[in-house]
Amino acid sequence: MPLSPPPNHTLTSWNVECGGYPDYYRSGAPNTQPIRNTITLINSDTICFSDVFGWGDEQLRNQCLPSKFHGNSYFQPLEDQWLLDTEGAHMKDVGVAIATTAKHETPEIIDLAGRCGLKTILHLGTHGVRICAIYLNHALEDKRIEQAKALINILAADKNEDIPTIIVGDLNAQEALTRVGWREKSWSRLVQLGALAFNAIHHPYGPVLRDLERREALEVFEQNGFHNAATNEQRTALFPFARAFRVDHPYTKNLETSEYTTHSPTGSDHKPFSLKLHIS
């Protein structure tokens with residue numbers, strides 16, 4: 001494939017969810033301007049989205065995206081039966097998306113053990129850069145582990161196995177305690193106590209917090225040659241506890257990055273992050 005510079009390419013990942021306004025998409029005509037404003041301010045070359053609603057409608061998608069991405073954005077619903085059964089039929093419209101200004105391969109749907117993601121190759125540098133946009137299960141660590149293993153198997157079977165690769169998205173998972181600092185370790189103890197308290201009153205947050213603190217799913221990537229390209233422990237998820245968890249991650253292999261930055265969105269319950277990809 002014809003590959004070309006630039007040597008640096010900025011990529012952003014963002015769980016849009018509320019997208020800057022209450023009850024995103026499901027309660028009538030969406031107010032798309034806050035999403036567009038945030039994306040414009042970040043000004044990335046490629047952006048991967050998770051937890052987007054209704055973006056199979058290209059007109060709606062274009063309303064959310066700056067014009068430089070029009071004609072080069074893609075949406076894939078999660079097609080997750082477990083999610084439909086537990087959260088309701090409206091979840092059929094939730095999914096992941098990729099938008100880019102770079103020349104690229106048509107994105108492929110990837111099956112993450114019963115949940116869909118997207119991957120594509122950007123025509124950058126000598127070998128290209130493989131981008132995987134995923135969104136792992138929000139409640140169960142066993143599901144997240146299964147989905148992470150499915151992605152690793154897909155990438156291992158790819159004819160471009162050694163191509164520079166980045167996995168991004170809301171992974172709904174936290175790093176192993178052996179890989180984090182003392183502040184995160186201290187926070188983990190508090191969350192574990194919170195999980196016990198919620199479990200004691202049979203609150204649904206109890207099992208979710210318990211599974212977040214298992215911290216096993218991301219080790220699937222680490223054990224297969226990927227590393228977390230985030231350079232700080234800035235928490236990214238703002239719900240249900242303000243500034244509570246770091247669950248949105250960039251995992252890279254054979255790819256140098258820099259300038260990892262989290263951004264303050266307008267109303268979303270997650271902070272977008274961006275980083276520069278150093279293309280050789």
Side-chain angles (χ1 to χ4, degrees), residues 11-17 19 24-26 35 46-62 64-65 69 72-100 104-122 129-161 163 165-173 211 217-218 220-221 224 226 237 247-251 253 268 270 272:
L11 180 142
T12 289
S13 177
W14 186 20
N15 178 317
V16 177
E17 220 256 346
Y24 173 44
Y25 187 68
R26 285 171 279 173
I35 297 178
T46 296
I47 184 162
C48 299
F49 300 90
S50 55
D51 208 2
V52 286
F53 277 86
W55 281 28
D57 179 343
E58 188 174 12
Q59 182 177 0
L60 172 63
R61 194 162 72 240
N62 285 342
C64 294
L65 297 171
F69 294 121
N72 290 292
S73 67
Y74 308 86
F75 169 76
Q76 173 57 41
L78 297 179
E79 297 182 357
D80 184 327
Q81 191 60 48
W82 179 91
L83 189 66
L84 293 175
D85 291 342
T86 56
E87 298 291 327
H90 67 276
M91 300 303 287
K92 69 180 185 301
D93 289 326
V94 68
V96 295
I98 295 176
T100 186
H104 58 279
E105 300 290 310
T106 300
E108 298 178 22
I109 302 168
I110 47 179
D111 182 357
L112 305 177
R115 168 173 287 206
C116 293
L118 282 176
K119 72 180 177 77
T120 186
I121 295 177
L122 305 183
V129 177
R130 181 170 53 186
I131 307 286
C132 299
I134 64 173
Y135 179 36
L136 301 188
N137 185 280
H138 69 284
L140 302 175
E141 187 76 341
D142 285 340
K143 285 279 189 183
R144 292 190 285 265
I145 292 168
E146 185 181 11
Q147 290 160 359
K149 288 180 177 179
L151 178 58
I152 290 297
N153 290 337
I154 288 168
L155 297 182
D158 198 312
K159 64 181 179 180
N160 299 302
E161 180 182 358
I163 191 172
T165 299
I166 182 166
I167 300 167
V168 292
D170 176 4
L171 308 188
N172 279 306
D211 271 26
L218 298 184
V220 173
F221 298 131
N224 285 276
F226 285 85
V247 295
D248 306 86
H249 302 275
Y251 272 85
K253 188 175 184 179
S268 173
H270 285 246

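- Gly169 and Ser13 make their closest contact through N-OG, 3.4 Å (heavy atoms, listed as atom of the first residue, atom of the second, distance).
- Between atom SG of residue Cys116 and atom CD of residue Glu108 there is a gap of 12.5 Å, rounded to the nearest 0.5 Å.
- Counting heavy atoms from C-beta outward, Thr46 and Thr12 have side chains that stay 4.5 Å or more apart.
- Relative ring orientation between Phe221 and Phe226 is described as perpendicular, the plane-to-plane angle rising above 60° on a 0-90° scale split at 30° and 60°.
- A donor-acceptor pair under 3.5 Å is absent between the side-chain atoms of Lys143 and the main chain of Ala113, judged by distance alone.
- When all heavy atoms of Trp82 and Asp80 are compared, the pair lying nearest together is N-OD1, 2.9 Å.
- Nearest approach of Cys48 to Ile131, heavy atoms of both residues: SG-CG2, 3.6 Å.
- Proximity of Lys119 to Ile154: side-chain heavy atoms (C-beta onward) are separated by under 4.5 Å at one or more points.
- Summarising the geometry, atom CG belonging to Asp51 is positioned 11.5 Å from atom CH2 belonging to Trp14; distances are rounded to the nearest 0.5 Å.
- Seen from the ring of Phe75, Arg61 does not count as a face-on cation partner, given the 6.0 Å and 45° thresholds.
- Under the side chain to side chain donor-acceptor pair (under 3.5 Å) criterion, Arg130 pairs with Asp158, Thr165, not counting sequence neighbours.
- For the pair Val220 and Asn224, the tightest heavy-atom approach, listed with the atom from each and the gap, is O-ND2, 2.7 Å.
- Between the side chain of Asp211 and the main chain of Glu141, a donor-acceptor pair closer than 3.5 Å is present.
- Here Glu146 pairs with nothing under the salt bridge (Lys or Arg N to Asp or Glu O under 4.0 Å) rule; sequence neighbours left out.
- A heavy-atom distance below 4.5 Å is found between the side chains of Tyr135 and Leu78.
- The distance from the OG1 atom of Thr86 to the CD atom of Gln81 is 9.5 Å, given to the nearest 0.5 Å.
- At least one side-chain heavy atom of Tyr251 sits less than 4.5 Å from a side-chain heavy atom of Leu218.
- Across all non-hydrogen atoms, the minimal contact from Gln76 to Gly117 is CG-O, 4.1 Å.
- Ile134 has its side chain out of reach of Val96: every pair of non-hydrogen atoms, C-beta onward, lies at least 4.5 Å apart.
- In terms of the side chain to side chain donor-acceptor pair (under 3.5 Å) criterion, Asn137 has no residue partners (sequence neighbours excluded).
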What's the verdict on side chain to side chain contact (heavy atoms under 4.5 Å, CB included) for Met91 and Val94, showing C-alpha distance, side-chain angles and the deciding distance?
-> CA-CA 5 Å; Met91 300 303 287; Val94 68; 3.8 Å; yes

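- Listed for the Asn172 side chain is a donor-acceptor partner under 3.5 Å among the backbone atoms of Leu136.
- Not counting sequence neighbours, the partners of Pro107 by the side chain to side chain contact (heavy atoms under 4.5 Å, CB included) test are Tyr74, His104, Leu118, Thr120.
- Across all non-hydrogen atoms, the minimal contact from Val168 to Leu11 is CG1-CD2, 3.8 Å.
- Listed by chain and residue number, nothing satisfies the side chain to side chain donor-acceptor pair (under 3.5 Å) test with Ser50 (two or more places apart in sequence, or in another chain).
- A donor-acceptor pair is defined here as one N or O able to donate and one able to accept, closer than 3.5 Å; no such pair exists between the side chain of His138 and the backbone of Leu171.
- Taking CD1 of Ile166 as the start and NZ of Lys253 as the end, the distance is 14.0 Å to the nearest 0.5 Å.
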Begin from the C-alpha positions of Ile98 and Ser73 and carry the test side chain to side chain contact (heavy atoms under 4.5 Å, CB included) through to its verdict.
-> CA-CA 6 Å; Ile98 295 176; Ser73 67; over 6 Å; no

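- Residues satisfying the side chain to side chain contact (heavy atoms under 4.5 Å, CB included) test with Asp142, not counting sequence neighbours, are Ile145, Arg214.
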